[in-house]
Enquirer: 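Take this structure, written in structure tokens, and hold onto it; I'll ask about it next.
Naming: A, B, ... by sequence-line order, numbering from 1 per chain.
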Amino acid sequence: MPPSASNPDAPRNAFPDVAAAFDNVAVAFEGVAILDAVTASVPRGGCTAVVGPNGAGKTTLLMALLGQVPFQGNVRIAPLPDGRPPRIGYVPQRLQFDRGLPLTAGDFLVMGTQRSPLWWGTRAHHRDAARELLRAVKAEPLERRRLGALSGGELQRVLLALALQRNPDLLVLDEPAAGVDVQGGYLFCELLERLRRERGFTELMVSHDLGTVAHHATHVILLNRRAVAEGSPGAVLTPPNLMAVFGAHMGLLDAHGLAHSRLPCCQPKEGAP
Amino acid sequence: MDLAPLYDLLARLLPFEVLQARFMQQALLGLLLVAPMAAAMGVQVINFRMVFFADAIGHSAFAGVALGLIFAVSPSWTMPLFGLAVGLAIMLLQRRSSLSTDTVIGVVFAAVMAFGLAMVSRDRGVARDLQRFLYGDILTITEPELLGLGLLFLAVMAFQAWGYNRLLYVGLNPVVASVHRVPVATCQYLFAGLLALVVMFSVWAVGVLLVTALLIVPAAAARNFARSAGSMFWWSLLISTTSAVAGLLVSAQDWARTATGPTVVLCGFVWFLASQVVATLRRRGAR
């Protein structure tokens, strides 16, 4: 039996408007299909999570959205209400860099805003802006630390700061909880939740951690090369859907319980910008 | 253009006996242009892990010389132009092909090397150029070549001013850079093209066997000394320039009488050893 598509009886999400939409998106590498006719949407102002097993094409879906892989079909990034194209911020899963590179977290952020080269010195107002951003992601003490000396969670927050630097309307994150312990992942998600409320961006993240998704997301796309289901966490993360996508062992996880254990701070906001 | 006042100035600033000969002054000027360029580009060669790329370009120099012989054009033209073409071709293949970077470079490397060697085997007259290609020949640099170097120097430094932050961005994660509106392709092609030209001129100075050393030894030592991304650039320039001057002076001493290129690289290596000591001490201090 094919996995059930999004349940029409489930409460539709409360977001009237989409920030981005995938329409029949297909990606193949050398004849092997990675994504096949994916149709899904990302509601504006919410937190959309893409979940699915390894090899489901989650990261590829993000890359299609970001224009980094060739694809068939349509990806639409909707203009903002005032008609301008949205700015996008991207937080990668990891950085591949030489850990001995003498680049401090502060300089790393100045690199993104300052036009004159770093070897010509860093201007005070760029440094102040960098410090402000680090404070916003609770990483202020890291300003003078080398990037290579940061832990996974610290680096994640600095990368988040770099993405926030552009004042994004759409923030895209690849596995924000990977390489971070459970507690760290939870704190990171709480931080994201708060920033999203303050700054009013739309969030789109890939995650393999169903617990995080259930707590944090307002909209879920269940992906396994196709979009298997889409909707609110409660409607999508049902035992039959999870069984169909992840296999039998998921029966051990009380996914239903997870889906209903959203914390108060993570409720979809109402009336907020 | 008359460069004589410049030579006189150099001779006065560095009043060594060996620097009174005009060809030594020309060599010094050549090294003072090549070394900082190589060092500045070397910072990004390390960040992008492009050592093998630079090596392949260097080895294409010989095929460039051979092309000049075939078409009866001066190798001073065919060598840099061929290097430029090879550099851009590798970058194009790397961006378009699904093969891994080192495979692409390895294939191109083999092709240009085979072509160069095939030409040598046909024409024994190229043997002298083979020597020059292997060990470098900064002492015979001519004035038009120096002017060409000067122009390239200006281009590289302008590029470093425009692109240093952007290249750092791209080197850390090209996808993030591209999403955040850094012109990634422009950065990569400009970098590959300029690096190819710098490598070709460096082959002149130190020979193909040591060209990567000229690029990465100062940058590697600078990485150990520097405490910020900005100062890494200046350390690299300082190390390469002092190594170049010291290498030229030492190589001309009666007790040394060594080839200039290898001597320059050895001086750079002394800097590198010192930087390792500093890095180790710092790590101990941090503990």
Enquirer: Which bit of A:Leu159 comes within less than 4.5 Å of chain B, counting heavy atoms only: side chain, backbone, both or neither?
Expert: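 Answer is neither: A:Leu159 stays 4.5 Å or more from chain B.
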
Enquirer: Does any heavy atom of chain B fall under 4.5 Å from the side chain of A:Thr104, the backbone, both, or neither of them?
Expert: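 A:Thr104 touches chain B through side-chain heavy atoms alone.
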
Enquirer: Given heavy-atom pairs under 4.5 angstrom as the criterion, report whether the side chain, backbone, both or neither of A:Phe108 touches chain B.
Expert: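 Contact with chain B involves the side chain of A:Phe108 alone.
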
Enquirer: Is the number of heavy atoms from other residues, nucleotides or ligands within 6.0 Å of CZ (A:Arg144) greater than 12?
Expert: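 No.
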
Enquirer: Select one option (side chain, backbone, both, neither) describing which atoms of B:Ser231 are under 4.5 Å from chain A's heavy atoms.
Expert: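 Neither; nothing under 4.5 Å.
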
Enquirer: With a 4.0 Å cut-off on N to O distance, would you call A:Arg135 and A:Glu132 a salt bridge?
Expert: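 Salt bridge present between A:Arg135 and A:Glu132.
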
Enquirer: Measure distances from A:Asp98 to the heavy atoms of chain B and classify the residue's part below 4.5 Å as side chain, backbone, both or neither.
Expert: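 Both backbone and side chain.
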
Enquirer: Hydrogens and angles aside, do B:His180 and A:Gln165 bring a side-chain donor and acceptor to less than 3.5 Å of each other?
Expert: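 No, no side-chain donor-acceptor contact under 3.5 Å.
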
Enquirer: Does any heavy atom of chain A fall under 4.5 Å from the side chain of B:Arg227, the backbone, both, or neither of them?
Expert: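 Contact with chain A involves the backbone of B:Arg227 alone.
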
Enquirer: Where on A:Gln114 is there a heavy atom nearer than 4.5 Å to chain B: the side chain, the backbone, both, or neither?
Expert: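 Both parts, backbone and side chain.
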
Enquirer: Where do B:Asn165 and A:Leu118 come nearest, in terms of heavy atoms and distance?
Expert: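 That would be OD1-N, 2.9 Å.
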
Enquirer: For A:Arg87, is it the side chain, the backbone, both or neither that has a heavy atom under 4.5 Å from a heavy atom of chain B?
Expert: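 A:Arg87 has no heavy atom closer than 4.5 Å to chain B.
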
Enquirer: Tell me, yes or no, whether the heavy-atom count around A:Arg194 atom CZ, taken from other residues, nucleotides or ligands under 6.0 Å, exceeds 12.
Expert: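 More than 12 within 6.0 Å, yes.
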
